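Remarks on the structure that follows.
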Amino acid sequence: MAYFGKINAVSILVAFLFFAAAELMVNTYRLSRLLNMELSVVVNLSMLLLGIWVVGGAIVCYLIISRWIEKRKSDYLTVVLWFPYFILMTYIFVSLFPINHPADDPAPVLGLVLIGGVFMYPFILVFIIYVSHSVRKKTA
């Protein structure tokens with residue numbers, strides 16, 4: 001049961017990484033309005049933060065998966081379990097911070113970007129888990 005808890009903890013972390021990146025992309029208009037900054041500045045800062053977040057998140061995921069999770073086939077449950085946590089985080093965020101200002105609506109194309117991200121993210125997770133298993137096999 002403790003191992004299942006570890007897998008869920010890693011899934012929550014992985015879901016939070018995707019959630020934070022998605023919310024940063026979706027809320028650029030809101031951030032621009034609330035911070036009284038030009039939209040171009042907010043977009044540039046968002047892209048910089050997204051790049052750092054993606055690289056740092058991949059490194060953190062690799063380190064946590066290689067240290068916490070044993071080399072089992074059940075490690076790949078993380079590839080499926082992150083999605084319900086992502087939906088839960090999104091629901092909680094949308095419930096707590098609804099869009100009240102009409103100008104805060106995200107661009108329609110972001111929906112397609114997020115759908116593509118949701119489809120690609122499991123493959124990235126499989127790759128990270130596979131690399132973690134391969135490196136552990138060589139060192140063990």
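Since the model is a prediction, treat every value here as computed from it, not as a measurement.
Counting heavy atoms from C-beta on, the side chains of I52 and L48 come closer than 4.5 Å. Using a 4.5 Å heavy-atom threshold, the side chains of F93 and N27 count as touching. Between Y85 and F16 the shortest side-chain heavy-atom distance does not fall below 4.5 Å.
Side-chain N or O atoms of S95 include one that pairs as donor or acceptor with a backbone N or O of Y91 at under 3.5 Å. Side chain of S132 to main chain of I128: no donor-acceptor pair is present (N/O by atom type, distance under 3.5 Å, no hydrogens or angles). Listed for the W82 side chain is a donor-acceptor partner under 3.5 Å among the backbone atoms of V79.
Residues Y62 and V131 come closest through the heavy atom pair CE1-CG1, 4.1 Å. When every heavy atom of F97 is checked against every heavy atom of R30, the shortest pair comes out as O-NH1, 3.3 Å. Shown here for A107 and Y29, the closest heavy-atom pair between the two residues is N-CE1, 4.0 Å. When every heavy atom of Y121 is checked against every heavy atom of V14, the shortest pair comes out as OH-O, 2.9 Å. Between C61 and L17, the closest heavy-atom pair is SG-CD1, 3.3 Å. Residues L110 and M25 approach most closely at CD1-O, 3.4 Å, considering heavy atoms.
Using a 4.5 Å cut-off between side-chain heavy atoms of Ile, Leu, Val, Met, Phe, Trp and Tyr, with links allowed through other members, L31 and L49 fall into the same hydrophobic cluster. By the rule that hydrophobic residues join a cluster once side-chain heavy atoms approach within less than 4.5 Å of another member, L81 and V126 end up as members of one cluster. I64 is not connected to V54 by any chain of hydrophobic side-chain contacts under 4.5 Å among Ile, Leu, Val, Met, Phe, Trp and Tyr, and they are in different clusters. I129 is connected to V55 through a chain of hydrophobic side-chain contacts under 4.5 Å among Ile, Leu, Val, Met, Phe, Trp and Tyr, so both are in one cluster. L34 and V43 fall into different hydrophobic clusters, where Ile, Leu, Val, Met, Phe, Trp and Tyr are joined by side-chain heavy atoms under 4.5 Å apart, directly or via other members.
To the nearest 0.5 Å, the span separating CG on L50 from CG on L24 amounts to 4.5 Å. Here the straight-line distance linking atom CG of L45 with atom OG1 of T28 works out to 11.5 Å at 0.5 Å rounding. With values rounded to the nearest 0.5 angstrom, N44 atom CG is found 9.5 Å from M37 atom CE. Interatomic distance, F127 CZ to Y130 OH, rounded to the nearest 0.5 Å: 9.5 Å. Rounding to the nearest 0.5 Å gives a distance of 11.5 Å between CD1 of I87 and CD1 of I92.
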side-chain contact (heavy atoms from CB on, under 4.5 Å), that's the test. Do N8 and L77 meet it? Break it down for me. CA-CA 9 Å; N8 277 309; L77 279 174; over 6 Å; no

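Residues satisfying the side-chain contact (heavy atoms from CB on, under 4.5 Å) criterion with V26, sequence neighbours excluded, are P106, L114.
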